[in-house]
Amino acid sequence: MAQSRIYLDNAATTPLDLAVLEVMMPFLTTYYGNPSSIHFAGREARAAIERARKSMAALLHVSPSEIYFTSGGTESDNMALRMAVAGMGVKKLITSSVEHHAVLHTALDLATEGKVILEKLPIDAHGRPMWEDLTEREYPEKTLVSLMHANNELGTMLPLKKLAPVLKEKGVIFHSDMVQTIAHLDLNLTELEVGMASASAHKFHGPKGVGFLYVHPDLPMHAMVTGGAQERNFRAGTENVAGIVGMACALEIACANMQADRKHIEGLKAALRKGILEAFPEATINGDDSEKALYTILNVSFPPSDKMEMLLFGLDIEGLAVSGGSACTSGSLKGSHVLEALDVAADRPSIRFSFSRMNTEEDVLRTLDILRRVLV
Ligand code: PLP
């Protein structure tokens, strides 16, 4: 009998929780009204969106009016950076070379268009942007700092609690791509003092194509998508009602079970890490290998191998889904800008294993078995 497949690419996307699908279904069938319509059908959809906003805001400890629904992490990142320039008077943008392309490419575009002076912070041996110096500086021009909370390839985390309040004090606008941490960590966005934060539902067992941008109420908004009054005039377009309802449900489930899920996933990550280092003593962990790293991601470089070119395909044939870098650019063998910035030797095949609560101990055992077969 063919064995079932193993999915360890949860940083790319997670399976939709069936309980989430169930909550979404009526909004794809019965409650199909356009939330902007004034009749009963529109009102039902509108009410569902506002219920979802309220529930999410409560779980993240912000006000509902600070949440703007978008089509996902990429749009939220674009919106944050472009809005900072178009609406908040930002002239200088500080980021790092290990950000997601949604931030990096947008930052480069803004710099090429002459709208900002761009600075990329160097990174340390764990792939963490060297943020300490930011707390010492003076900021003569209006500045946006955009640094991700957890790196999606490495799991290395930025100490937001230390950095965000200092930047706020200095009048710097701070955006954090929190796509890998929202719904995975217990977060109070108000206490964190970030100016803007991006999130995406499909990273926490919600549907694809929906996310949000949190914006602190003191920051002036600017519409980047125009042509409608949705999201208080700041993000035009008929809302993804079922997606928004599903995202709220997924966040509720994640927050209700966070401690237990975290413990379960930490156990899986530790077991896979141990098994890999036993089977491949020359393997090394990329990024932060301490308990400070995000518990869902394990990035490993294996010893040089002549199977490198075909490695992900070989694993795929064995029924193992993992990534060789960020899935947003790939699932492919195209070089990872993060591993490159980290100076990982180009002849060492690197694999990102990323977990969700739906993975099992059996997944880990079978993964180790497959790795031994394919890599040795
Ligand atoms: N930011 C990070 C850190 C991500 O990991 C991803 C997706 O992998 C994104 C942004 C993009 O999110 P979305 O797929 O919702 O556009």
Side-chain angles (χ1 to χ4, degrees), residues 7-16 20 56 67-82 95-109 123 127-129 145-158 160 175-185 187 194 196-214 224-225 235 237 240 243-244 246-248 250-251 254 286-288 293-299 321-332 334 336-339 341 352-356:
Y7 186 77
L8 287 181
D9 202 12
N10 291 281
T13 194
T14 53
L16 184 69
V20 171
M56 295 180 68
I67 287 182
Y68 297 86
F69 293 128
T70 65
S71 65
T74 303
E75 185 187 335
S76 298
D77 285 345
N78 266 264
M79 186 169 163
L81 268 59
R82 293 185 189 281
T95 184
S96 83
S97 51
V98 294
E99 300 302 305
H100 190 273
H101 282 151
V103 165
L104 264 185
H105 289 184
T106 309
L108 278 174
D109 282 353
I123 55 165
R128 182 179 294 111
V145 170
S146 178
L147 295 172
M148 68 208 311
H149 191 195
N151 186 277
N152 54 303
E153 295 198 32
L154 304 171
T156 298
M157 302 216 21
L158 190 78
L160 284 192
H175 164 251
S176 187
D177 177 330
M178 299 177 75
V179 164
Q180 295 292 343
T181 54
I182 280 183
H184 294 98
L185 298 174
L187 295 167
V194 287
M196 295 185 275
S198 305
S200 176
H202 71 100
K203 309 290 183 177
F204 51 93
H205 304 288
K208 293 171 181 58
V210 63
F212 67 89
L213 181 69
Y214 158 78
M224 301 313 305
V225 179
R235 198 277 189 175
N240 176 356
I244 290 168
M247 172 162 63
L251 184 64
N286 295 316
D288 187 354
L294 188 65
Y295 60 93
T296 51
I297 295 177
L298 178 69
N299 193 315
V322 288
S323 188
S326 168
C328 298
T329 40
S330 64
S332 76
K334 194 163 166 270
S336 140
H337 67 287
V338 175
L339 296 180
R352 176 187 70 181
F353 304 91
S354 50
F355 304 85
S356 84

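Just so you know, residue 1 is the first one in the sequence shown, and it goes up from there. Order of listing sets the numbers, starting from 1, for every ligand and every atom in it.
- Put simply, no part of E75 is less than 4.0 Å from ligand 1, judged by heavy atoms.
- Annotation for ligand 1: atoms under 4.0 Å from non-hydrogen atoms of S200 are 13 (P), 15 (O).
- Near N152, meaning under 4.0 Å from any of its heavy atoms, are these atoms of ligand 1: 3 (C), 5 (O).
- Close contacts of ligand 1 with T74, meaning ligand atoms under 4.0 Å from a residue heavy atom, involve 11 (C), 12 (O), 13 (P), 16 (O).
- Side chain of Y214 to backbone of A199: no donor-acceptor contact under 3.5 angstrom is found.
- Judged by distance alone, the side chains of E153 and S336 do bring a donor and an acceptor atom under 3.5 Å apart.
- With hydrogens and angles ignored, the 3.5 Å screen pairs no side-chain donor or acceptor of K203 with any backbone N or O of T14.
- Atom numbering of ligand 1 starts at 1 in the shown order; those under 4.0 Å from a heavy atom of M148 are 3 (C).
- In terms of N/O distances under 3.5 Å, ligand 1 is not approached by S71.
- Contacts between D77 and ligand 1, counted as non-hydrogen atom pairs separated by less than 4.0 Å, involve the side chain only.
- By the criterion of a heavy-atom distance under 4.0 Å, the side chain of K203, and not its backbone, is placed next to ligand 1.
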Test S97 against H337 for side chain to side chain donor-acceptor pair (under 3.5 Å), laying out the working first. CA-CA 8 Å; S97 51; H337 67 287; over 6 Å; no
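- Counting heavy atoms under 4.0 Å from ligand 1, residue D177 touches it through the side chain alone.
- A201 is linked by a side-chain contact (heavy atoms from CB on, under 4.5 Å) to F204, P207, V210, M247, counting only residues two or more places apart in sequence or in another chain.
- In this model, no donor atom of one side chain and acceptor atom of the other lie less than 3.5 Å apart for H149 and S176.
- Atoms of ligand 1 found under 4.0 Å from any heavy atom of G72, numbered from 1 in the order shown, are 15 (O).
- No donor-acceptor contact under 3.5 angstrom links the side chains of T156 and N151, judged on distance only.
- Taking the side chain to side chain donor-acceptor pair (under 3.5 Å) definition, one finds that N240 meets it with nothing, sequence neighbours left out.
- Taking any N or O of G73, backbone or side chain, at least one lies under 3.5 Å from an N or O belonging to ligand 1.
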